[in-house]
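Scope of the values below: all heavy atoms of this structure, side chains included, with no hydrogens, waters or symmetry mates. Note that the coordinates shown come from a computational prediction; the quantities given were computed from them, not determined experimentally. One-based numbering along the sequence shown.
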Amino acid sequence: MRRLLPHPLLSVTLVVIWLLLVNQLSFGHLLLGVALGVAVPLYTARFWPDQVHVRRPLVLLRFIAVVLYDILVANVAVARLILGRQERLQPAFLVLPLRLQTDVAISVLANTISLTPGTVSTFLSADRRCLVIHSLHTTDPEEVLATIRERYETPLKEILEAC
């Protein structure tokens, strides 16, 4: 079974995403989604250095809900900033010392930050201990870093890394 589905969670996620993208539940779309859900992980398995183990699935669900909420709220905040006076913007580069150690966890954190409007991950230090983040508007850099650590990094450590 592991040979056919090297990443079962990814396969299920791809099927769900496909059905959400086509916005229609039919046998044909379900069949195509399943085909994609099997083919993509199967053909990309050699590029995955390690098997991803979700250690706390309920924390993962809460993490996904938090990220989706933050994306929604950040979209509104960025729209207000962009439509407002440009002089008010206070962009900044922030350095986040990482507590995460695995490549997968660091990658998920960097991508989560980039998915949230108004912030983007720009650089990971060679020793993988610091992540540089660009923020569109920051009045308190320490507060932004604390929020990222609390809302994203700490749950990812619980979900993807052994404590």
In terms of heavy-atom contacts, does CG of Leu25 have more than 12 from other residues, nucleotides or ligands at under 6.0 Å?
-> no

To the nearest 0.5 Å, what is the distance between [atom1] ([X]) and [atom2] ([Y])?
| X | Y | atom1 | atom2 | value |
| --- | --- | --- | --- | --- |
| Thr138 | Phe93 | OG1 | CZ | 11.0 Å |
| Asp103 | Leu160 | CG | CG | 12.0 Å |
| Leu156 | Phe63 | CG | CZ | 4.0 Å |
| Leu100 | Arg128 | CG | CZ | 12.0 Å |
| Thr112 | Ile148 | OG1 | CD1 | 10.5 Å |
| Leu96 | Arg129 | CG | CZ | 14.0 Å |

Heavy-atom check, side chain of [X] versus side chain of [Y], under 4.5 Å:
| X | Y | answer |
| --- | --- | --- |
| Val67 | Tyr152 | yes |
| Leu30 | Trp18 | no |
| Glu158 | Arg55 | no |
| Pro117 | Leu136 | no |
| Ile113 | Val120 | no |

Looking at [X] and [Y], would you say the former's side chain and the latter's main chain have a donor-acceptor pair under 3.5 Å?
| X | Y | answer |
| --- | --- | --- |
| Arg88 | His137 | no |
| Thr122 | Val132 | yes |
| Ser121 | Ile133 | no |
| Gln24 | Leu19 | no |
| Ser11 | Val38 | no |
| Thr102 | Ala105 | yes |

Check [X] against [Y] and note the closest heavy-atom contact, atom names and distance.
| X | Y | value |
| --- | --- | --- |
| Leu14 | Gly37 | CB-CA, 4.0 Å |
| Cys130 | Leu124 | O-CD1, 3.4 Å |
| Gly33 | Val15 | O-CG2, 3.3 Å |
| Glu150 | Pro155 | O-CD, 3.4 Å |

